[in-house]
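Here the structure comes first, spelled out in structure tokens, and everything after it is commentary.
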Amino acid sequence: MTALPRTLSPLPLPPEDSRCCDGDLKVKTATLFRTAPLLLDCGRPLSDVRVAYHTYGEAQEEATLVLHALTGNSAVHEWWPDFLGAGRPLDPTRDFVVCANVLGGCAGTDGPAQWQGTGLGDLAISLRDMARVGRALLEHLGVRRVRVIGASMGGLLAYAWLLECPDLVARAVVIGAPVRHSPWAVGLNSAARAAIRAAPGGEGLKVARQIAMLSYRSPESLAQTQAGQRRPGVHAVTSYLEYQGEKLLARFCERSYVALTGAMDNFQPGDAELAAVRVPVLAVGISSDVLYPAAEVRAATDALPNATYWELSSIHGHDAFLMDAGELPQRVDAFLRGEAEFGLHPSG
Ligand SMILES: CC(=O)SCCNC(=O)CCNC(=O)[C@H](O)C(C)(C)COP(=O)(O)OP(=O)(O)OC[C@H]1O[C@@H](n2cnc3c(N)ncnc32)[C@H](O)[C@@H]1OP(=O)(O)O
Ligand SMILES: N[C@@H](CCO)C(=O)O
């Protein structure tokens with residue numbers, strides 16, 4: 001695959017060993033809800049919830065909370081190096097940065113793999129449940145106020161935080177996510193879950209990832225990166241999708257996939273709840289996103305009283321926030337710092 005173009009180098013790269021400065025990049029765990037259970041939106045109680053998380057920087061009462069995407073994890077230093085490090089929006093020399101694997105995930109926090117055989121079965125969880133777990137983690141860490149930043153599922157989760165814990169959130173950055181899951185996005189997830197149900201044990205998850213990958217790229221991106229063949233007689237994009245399916249199967253759990261996509265699909269806040277959110281929000285659309293089209297992301301400025309919009313221009317689709325971030329780190333940094341002028345897109 002050809003290297004992705006970076007139209008703008010975000011910031012001068014600091015020396016490798018200063019990118020994360022607490023010197024401890026190991027995952028930590030906490031067991032929460034020991035004395036009183038978490039009451040899930042589905043009505044079931046959940047006790048002794050184990051949560052895996054990373055922190056970067058010195059502990060402070062004010063933190064930046066990073067909310068990861070569907071198949072992400074708490075190791076921000078592994079998947080968002082453009083955003084984490086000295087001089088970047090998540091700067092451990094200045095900020096206390098926290099990221100936890102979500103409830104229902106499979107990267108250290110309790111999820112369907114732990115609930116199997118316990119009588120809890122395949123619990124239905126919601127994004128608001130995830131926010132409640134996050135609140136308990138912040139209490140555990142002594143954090144009283146957060147700036148939240150999330151992309152994709154993490155962006156939907158940021159909206160859930162604004163609805164569930166508005167008292168804790170000072171400002172929020174939502175990248176490549178709408179205020180509620182659209183029929184189009186629910187449809188894609190429904191097809192993915194149908195594949196898992198039709199072929200449990202691995203093959204279905206691979207097909208689910210192939211479907212999802214098409215929504216994370218764009219026609220122009222695939223034309224640029226996947227034209228022709230890598231193996232004789234096989235379209236490059238076909239082997240690319242097959243490989244991406246294999247890669248996900250090696251690191252993800254099909255039950256978590258079902259649980260988390262269900263939580264995304266059921267996130268359907270009403271207009272009145274959204275209109276009551278007073279916290280400043282930066283909503284970032286991605287020009288070529290076919291999963292959550294930029295216009296849908298921009299609709300946050302109509303739904304919320306204090307939202308601002310900026311658009312990342314990239315041909316690489318939804319995953320551009322990971323692969324082709326361009327100026328996004330600087331824009332996010334300015335917004336998180338509360339700078340009045342953070343350089344709005346002309347359409348913003
Ligand atoms: C805010 C958040 O929470 S984000 C959470 C972060 N998410 C994650 O960390 C998990 C999700 N990760 C991802 O989605 C991906 O890793 C991304 C988006 C970051 C990048 O995707 P990648 O798979 O690394 O890149 P890309 O799509 O360019 O594919 C490259 C791989 O496909 C292979 N490939 C490329 N073309 C082909 C082809 N035609 N046939 C077969 N293989 C191919 C490459 O050799 C490369 O293989 P490698 O991964 O073994 O090096
Ligand atoms: N590609 C990222 C974002 C998808 O929402 C992931 O797999 O988590």
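All ligand and atom numbering here is 1-based and tracks the order in the structure. Every heavy atom of this structure was used, including side-chain atoms; hydrogens, water molecules and symmetry mates were not.
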For residues [X] and [Y], determine if any side-chain heavy atom of one lies less than 4.5 Å from a side-chain heavy atom of the other.
X: Trp115; Y: Leu46; value: yes
X: Val143; Y: Gln60; value: no
X: Trp310; Y: Phe335; value: no

Does the side chain of Asn189 come under 3.5 Å of the side chain of Asp265 through a donor N or O and an acceptor N or O? yes
For Ser152, which part has a heavy atom under 4.0 Å from ligand 2: side chain, backbone, both, or neither? side chain
Atom 8 (O) of ligand 2 [closest protein heavy-atom partner, distance rounded to 0.1 Å]: Thr71 N, 2.9 Å
To which protein heavy atom is atom 4 (C) of ligand 2 closest, and what is the distance rounded to 0.1 Å? Tyr216 CZ, 3.2 Å
Taking [X] for the side chain and [Y] for the main chain, is one N or O donor matched with an acceptor at less than 3.5 Å?
X: Glu254; Y: Gly201; result: yes
X: Thr109; Y: Val51; result: no
X: Ser215; Y: Leu291; result: no
X: Thr225; Y: Ser221; result: yes

[options]: member with heavy atom nearest to [atom]:
atom: atom 45 (O) of ligand 1; options: Arg230, Gln226, Arg217, Met213; value: Arg230
atom: atom 47 (O) of ligand 1; options: Phe252, Phe321, Tyr243, Tyr240; value: Tyr243
atom: atom 31 (C) of ligand 1; options: His318, Met153, Arg251, Gln244; value: Gln244

Thr71 versus ligand 1: do any nitrogen or oxygen atoms come within less than 3.5 Å of each other? no
Looking only at distance, does Val237 have an N or O less than 3.5 Å from an N or O of ligand 1? no
State the atoms of ligand 1, each with its element, that fall below the 4.0 Å cut-off from a heavy-atom position in [X].
X: Met323; value: 18 (C), 28 (O)
X: Ser239; value: 38 (C), 39 (N), 40 (N), 41 (C)
X: Ala151; value: 1 (C)
X: Asp319; value: 14 (O), 18 (C)

Any heavy atom of Arg209 sitting closer than 4.0 Å to ligand 1? yes
Using non-hydrogen atoms of the residue, decide whether Lys247 is closer than 4.0 angstrom to ligand 1. yes
Identify which one of Asp289, Asp324, Asp319 satisfies the side chain to side chain donor-acceptor pair (under 3.5 Å) criterion when paired with Ser314. Asp324
With atoms numbered from 1 as shown, which atoms in ligand 2 lie under 4.0 angstrom from a non-hydrogen atom of Arg209? 7 (O)
Distance filter under 4.0 Å to Asp319 heavy atoms, resulting ligand 2 atoms: 1 (N), 2 (C), 3 (C)
Assess His318 for proximity to ligand 2: is some non-hydrogen atom of it under 4.0 Å away? yes
Contacts of Tyr292 that satisfy ring-ring contact (aromatic ring centres under 6.0 Å, His included) - sequence neighbours left out: His181, His318
Would you verify whether the NZ or CZ of Arg230 falls within 45 degrees of the ring axis of Tyr240 while also being under 6.0 Å from that six-membered ring's centre? no
